[in-house]
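To keep things clear, I will list the structure first and then write my remarks on it.
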Amino acid sequence: MKGKNKDNKKIRRSRIIELIRENKKATVVYLILRTITIGVMVRAVFLGQWESVFTCVLALVLFTVPHFLERKLRISLPSALEIVAFCFVFCAEILGEIGCYYVKYSFWDSMLHTVSGFIFAAFGFCIVDMLNREKRIRFELSPASLAIVAFCFSMTTGVIWEFFEFAADLFLHTDMQKDFFVERFSSVTLDAMASNTPVEVESIVGTSVLLADGRIVTLDGGYLDIGLFDTMKDLFVNFIGAVIFSVIGYFYVKHRGKGIIAPNFIPVVDPLDEENKETEEITQNEDQTENNQ
C-alpha cells in the first residue's frame with residue numbers, strides 16, 4: 001500500500017512538472033509578478049510601511065491559490081485563466097492598494113469586479129461540471145442549468161465580498177466601500193407629514209456636518225453617499241462578468257470540445273485523476289466479480 005502511495009506521489013509530481021511545461025506563459029507571468037511583489041515588499045520593509053508589507057504577503061499567498069486548487073480539486077487550469085487570475089491579484093493588491101490605483105483611476109475598481117465575476121463563474125462552472133461527470137453521484141444538469149448555476153455561484157461570491165467590505169468599514173473603520181458625492185437624492189425620512197412621500201433634495205453643491213464637539217465639517221461637491229453607489233456598481237459589473245462567462249460556458253457544454261474561446265478559460269478535470277478513477281472502477285468491478293464467484 002505504501003509503495004502504491006509513493007508511486008502515486010511520483011506520478012503526481014511528474015504531472016505537476018508536465019503542467020508547468022505546458023503552461024509556460026502562465027509560469028512566466030507568475031514569476032514576474034511574484035518577483036515584483038517581493039521587491040515592493042522589501043522596499044516597504046525599509047520604509048516601515050507595514051500595512052503595505054501585509055498587502056504584499058497577502059498577494060504572495062493569493063498567487064499560490066490556482067496551484068492549490070489544481071492540487072486539491074484535481075483539475076487543470078488553462079493558461080489564459082491562470083494569467084487572468086495572477087494579473088487580477090497583482091492589479092487588486094499591489095497596484096490597487098499600494099499604488100492607490102483605486103483612487104487615481106475611477107474605472108479600476110469596476111474593471112476588477114467585472115473580472116472577478118468572470119473568474120468566480122469559471123470556478124463555479126468547473127465545480128458543477130465535475131459533479132456532472134461524476135458517475136457515482138448521478139448529478140446531471142443541462143447546459144442552460146449549468147450556466148445558471150455558474151452565474152449564481154459568481155453572484156453569491158460577489159454578495160459575500162460586499163458583506164466583507166461593509167463589515168470592514170463598520171468595525172475596522174476602513175473605506176473599502178468607496179464613497180461618492182451625489183447632487184440629488186429622495187428620502188421619505190424628510191417628509192414632515194410622515195405620509196411615506198419621498199422628498200427630493202436636488203442641486204446639492206456641498207454638505208455641512210455638525211460634530212458632537214460643535215465643530216462643523218464642510219464637504220464640497222455634494223452629499224457624501226457612504227458605500228451604497230459603490231456596492232450597487234460592484235454588483236452590477238460582477239453581474240456582467242458572470243453573464244459573459246455563463247454564455248461562454250453554455251456553448252462550451254452544448255458543443256463539448258468545440259470553440260476557440262471557451263477552452264482557454266474553463267478548468268477541466270485532471271486527465272491523471274480521470275485515469276485513476278477509471279482504474280479504481282475497473283479494480284472494484286474485478287473484486288466484486290471475484291467475491292461473487
Check your understanding: Do Trp50 and Val45 have side chains that get closer than 4.5 Å, going by heavy atoms?
Key -> yes

Check your understanding: Do Leu60 and Met41 have side-chain heavy atoms sitting under 4.5 Å apart?
Key -> yes

Point to revise | Sub-6.0 Å ring centroid separation between Phe265 and Tyr252 | key: no

Exercise for review: Step through the shown structure and confirm whether more than 12 heavy atoms of other residues, nucleotides or ligands are within 6.0 Å of CD on Glu51.
Suggested key: no

Exercise for review: Kindly state each residue pair satisfying salt bridge (Lys or Arg N to Asp or Glu O under 4.0 Å) with at least one member in residues 229-241, sequence neighbours excluded.
Suggested key: Asp109-Lys233, Asp230-Lys233

Review point. Any idea which heavy atoms bring Gly99 and Lys104 closest together, and the distance?
Key: O-NZ, 3.3 Å

Review point. Should Val115 and Phe164 be counted in the same cluster of Ile, Leu, Val, Met, Phe, Trp and Tyr side chains packed under 4.5 Å apart?
Key: no

**Study point:** Identified side chain to side chain contact (heavy atoms under 4.5 Å, CB included) counterpart of Phe151 within the set Leu146, Val243, Thr156
**Key:** Val243

**Study point:** Donor-acceptor side-chain pairing of Thr157 and Ser154 below 3.5 angstrom
**Key:** no

Review point. Picking from Phe153, Tyr250, Phe245, what satisfies ring-ring contact (aromatic ring centres under 6.0 Å, His included) with Phe125?
Key: Phe245

Exercise for review: Look up atom CD in Glu82 and atom CG in Leu69, then write down how far apart they are to the nearest 0.5 Å.
Suggested key: 10.0 Å

Practice item. Classify the angle between the aromatic ring planes of Tyr105 and Trp108 as parallel (below 30°), tilted (30 to 60°) or perpendicular (above 60°). Key: tilted

**Study point:** Worked verdict on Ser208 versus Val217 for side-chain contact (heavy atoms from CB on, under 4.5 Å)
**Key:** CA-CA 6 Å; Ser208 295; Val217 178; over 6 Å; no

Point to revise | Which atom of Ile216 lies closest to which atom of Leu210, heavy atoms considered | key: CG1-CD1, 3.9 Å

**Study point:** Working for side-chain contact (heavy atoms from CB on, under 4.5 Å), residues Leu31 and Val29
**Key:** CA-CA 6 Å; Leu31 292 175; Val29 171; over 6 Å; no

Review point. Could you state the interatomic distance from CZ (Phe120) to CD1 (Ile160), rounded to the nearest 0.5 Å?
Key: 9.5 Å

Review point. Are the side chains of Ile98 and Val40 in touch, meaning some heavy atoms are under 4.5 Å apart?
Key: yes

Point to revise | Asp169 (side chain) donor-acceptor with His173 (main chain) under 3.5 angstrom | key: no

Revision key, fill the gap. Between the CG atom in Leu112 and the SG atom in Cys87, the distance rounded to the nearest 0.5 Å is 11.0 Å

Check your understanding: Are Pro198 and Asp191 side-chain neighbours, meaning at least one heavy-atom pair lies under 4.5 Å?
Key -> no

Practice item. Begin with the C-alpha distance, continue with both residues' side-chain angles, and end with the deciding distance and a verdict on side-chain contact (heavy atoms from CB on, under 4.5 Å) for Trp161 and Met176. Key: CA-CA 11 Å; Trp161 176 254; Met176 296 187 70; 3.7 Å; yes

Exercise for review: Give the cluster check for Phe180 versus Leu224: same hydrophobic cluster or not, with ILVMFWY residues linked at side-chain heavy-atom distances below 4.5 Å.
Suggested key: no

Check your understanding: Less than 4.5 Å apart, any side-chain heavy atom of Phe239 and any of Leu235?
Key -> no

Point to revise | Near-ring test Phe185/Tyr223, centroid separation under 6.0 angstrom | key: yes

Check your understanding: Should Leu58 and Ile38 be regarded as members of a common hydrophobic cluster, given that ILVMFWY residues are connected when their side-chain heavy atoms come within less than 4.5 Å of each other, either directly or indirectly?
Key -> yes

Check your understanding: Is atom CZ of Phe68 surrounded by more than 12 heavy atoms (other residues, nucleotides or ligands) closer than 6.0 Å?
Key -> no

Check your understanding: Is there side-chain contact between Val201 and Leu190, with at least one heavy-atom pair below 4.5 Å?
Key -> yes

Practice item. List the atom of Ala150, the atom of Ser246, and the distance in Å for their closest heavy-atom pair. Key: C-OG, 4.3 Å

Point to revise | Chi angles and distances behind the side chain to side chain donor-acceptor pair (under 3.5 Å) call for Ser52, Thr55 | key: CA-CA 5 Å; Ser52 296; Thr55 301; 5.7 Å; no

Point to revise | Donor-acceptor side-chain pairing of Gln177 and Thr231 below 3.5 angstrom | key: yes

Review point. How about Phe181 and Thr207: do any of their side-chain heavy atoms sit closer than 4.5 Å?
Key: no

Check your understanding: Cys56 versus Ile94: any side-chain heavy-atom pair under 4.5 Å?
Key -> yes

Point to revise | Distance (rounded to the nearest 0.5 Å) between Thr64 OG1 and Phe86 CZ | key: 9.0 Å

Point to revise | Taking every non-hydrogen atom, the tightest pair across Gly117 and Asn238 | key: CA-OD1, 3.6 Å

Check your understanding: When rounded to the nearest 0.5 angstrom, what distance separates CD in Glu202 from CD in Glu183?
Key -> 10.5 Å

Practice item. Work out which heavy atom in Pro143 is nearest to a heavy atom in Val253; give both atom names and the distance. Key: CG-CG1, 3.8 Å

Study note, to complete from the structure: Here the gap from Cys126 atom SG to Leu77 atom CG, rounded to the nearest 0.5 Å, amounts to 7.5 Å

Review point. Do Ile226 and Leu228 sit in the same hydrophobic cluster, where Ile, Leu, Val, Met, Phe, Trp and Tyr count as joined when their side-chain heavy atoms come under 4.5 Å apart?
Key: no

Exercise for review: Apply side-chain contact (heavy atoms from CB on, under 4.5 Å) to the pair Asn264 and Leu81, showing each step before the final yes or no.
Suggested key: CA-CA 7 Å; Asn264 293 321; Leu81 184 61; over 6 Å; no

Review point. If Ile, Leu, Val, Met, Phe, Trp and Tyr residues are connected whenever their side-chain heavy atoms lie under 4.5 Å apart, and connections chain through other members, are Ile36 and Leu95 in the same group?
Key: yes

